[in-house]
Amino acid sequence: MTRLSRFRVILFAGLWLVFTVAGHAADGDKTAVMDSLSGEVQQIFNQTAAAVVKIRAFNLEQTLAGTGFFIDDHGTLLTAYDVVLEATRATIEYRGQQIAARIIGRDLRSGVALLKADLERTPFIPAGNSDHLQIAGGLVGVGYAYNLPVSPSFGIITGFDVRYLNSFFATTHVRCNVTVSPGQIGGPLLNSRGEVVAMMVFSVDGGRECYGLPIKAANRIAADLREYGAARHGWVGVGVVEAEPDQPYAHAVYVSQLYDRTPAVDCGLAKGDQVIAIGDRKIRNPQDILDAAFFAKVGSAVPVRVIRNERELTFNLKIIERPALKLPVTLPLPYQAPAPAAREPVRVNLPQ
Amino acid sequence: MNEQKLQKLLRLKKLETPGQDYFDGFLAEFHRYQQAQMLRQAAKWEPWRAWFREFLCREPYRTVASCGAVAVVTALLVIGLGNFSRHSAKQSGFARTPAMPKVRLVSDSGTTEQPPAPRYSTGQTPLSYDKTIAF
């Protein structure tokens with residue numbers, strides 16, 4: 001064998017060795033990713049499952065069942081409105097025992113209900129920062145499906161919505177593909193640190209996806225329920241619409257309606273004003289309006305900046321309590337979602 | 001046996017009829033059986049009939065009439081109350097509740113109870129009725 005041939009043989013053998021080792025390493029990486037993910041979900045589940053309880057609520061006609069979780073060590077529980085509806089009493093299943101829980105309050109508009117059990121030193125799930133959530137971020141849902149033991153489900157954030165078909169949520173909701181079985185509504189959605197960042201409030205597509213109310217919004221309602229026994233949503237009496245995409249200033253938000261005997265009328269806002277800021281929050285789309293209004297405190301004064309005839313104006317609006325949501329006598333169950341509505345046309349005089 | 005043989009046999013049997021004494025005997029036997037049956041039925045109710053006859057003879061007419069009236073009123077009340085309870089259950093909506101499967105559960109105290117099957121929340125209650133954005 002010549003020296004050149006020997007070199008070629010060694011070269012081929014070396015390359016074969018390198019590719020074989022690299023291939024095995026890649027396979028190993030795939031397994032490692034799966035194991036790592038599975039281990040992380042297990043860890044989050046083990047860390048939080050004790051603070052997640054099964055809730056039963058009772059009204060005249062039926063027993064309702066769902067999930068809830070402790071938010072402090074004094075037995076305060078957060079759950080979804082859909083779990084208690086208009087029930088008069090509730091119990092939780094905690095450490096194998098049925099314990100009575102008082103319904104402190106409930107709010108249909110945000111889908112939140114607050115309960116209190118006479119317990120001390122309960123395990124609880126700390127709240128994470130829901131403002132940091134991003135699309136494709138991982139979420140772990142924990143809840144009780146049917147009469148089965150507590151179980152986890154994993155998914156990712158697929159969007160942030162204020163509108164579902166032709167109805168608007170009270171504030172931005174997190175859409176995720178965490179599967180939800182009957183009974184799991186009201187359970188927490190957890191981030192990778194095991195902190196609750198949202199609560200499962202609304203399932204869509206037969207439970208294949210769900211909407212979560214960000215924990216910041218849930219805590220804002222919970223604070224009202226604790227203090228007043230009911231949620232107090234802010235109101236200034238302004239209806240707005242978004243400009244059509246083909247118009248100049250697309251996505252800009254304009255005043256389209258002013259409600260009688262409201263702060264908006266009193267302070268001089270007019271139809272056609274372009275809303276550019278509420279308080280410190282800049283308004284770029286309707287989502288910003290809903291979020292700004294949701295977190296506005298009743299009784300406070302908020303500066304609203306608008307553009308009228310190319311001039312910027314500021315109005316100080318006093319926030320009053322939003323008129324009560326009028327409920328139909330019987331809720332349509334199962335809810336038949338209406339057909340998607342066409343975008344509302346904007347009838348405003350745009351600046352030339 | 002082929003078809004021809006069968007036809008021949010049937011023709012032969014058609015001509016074979018029993019005598020008159022057979023029919024007379026049959027009729028007598030039938031009447032005897034019928035009477036026996038009637039007597040057996042009557043014997044079954046005879047003790048009750050005797051007791052009632054004796055009761056009527058023993059008790060004065062007024063007592064018997066009063067007992068009958070009380071029995072009729074009680075029967076009417078029972079029927080009326082049954083109808084009323086069915087009607088009121090329909091009105092209150094309880095009758096509309098579908099029948100749930102009975103599940104025997106053991107509670108913490110160890111006693112058995114039959115709780116109604118719950119409605120597991122699916123998060124289908126619409127979260128907002130707002131069709132426009134207003135604040």
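None of these values were measured; they are calculated from a predicted model. No hydrogens, no waters, no symmetry mates; every other heavy atom, side chains included, goes into these values. Chain A is the first sequence line, chain B the second, and so forth, proteins listed ahead of strands; every chain is numbered from 1.
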E46(B) CD: over 12 foreign heavy atoms closer than 6.0 Å | yes

Using non-hydrogen atoms only, which part of I278(A) is less than 4.5 Å away from chain B: side chain, backbone, both, or neither?
-> side chain

Given A80(A), G239(A), A293(A), S203(A), the one with more heavy-atom pairs under 4.5 angstrom with chain B than any other is S203(A)

Heaviest contributor of heavy-atom pairs below 4.5 Å to chain B, chosen from A65(A), S181(A), G66(A), G183(A), is A65(A)

Nearest-0.5 Å distance that lies between atom CE in M199(A) and atom CD1 in I185(A) | 9.5 Å

Non-hydrogen atoms of chain B under 4.5 Å away: do they reach the side chain of Q184(A), the backbone, both or neither?
-> backbone

Considering only heavy atoms and a distance below 4.5 Å, find which of V238(A), L64(A), V236(A) pairs most often with chain B.
-> V238(A)

Side-chain heavy atoms of L189(A) within contact of M200(A), under 4.5 Å | yes

Under 4.5 Å from a heavy atom of chain B, the part of N147(A) involved | both

Going by distance alone, is a donor N or O of one side chain under 3.5 Å from an acceptor N or O of the other, for E86(A) and Y81(A)?
-> yes

Check whether Y144(A) gets within reach of chain B through its side chain, its backbone, both or neither, counting any heavy atom under 4.5 Å.
-> neither

Could you check V162(A), L213(A), L290(A) and say which one makes a side chain to side chain contact (heavy atoms under 4.5 Å, CB included) with T171(A)?
-> L213(A)

Classify the ring geometry between H173(A) and Y211(A) as parallel (under 30°), tilted (30 to 60°) or perpendicular (over 60°).
-> perpendicular

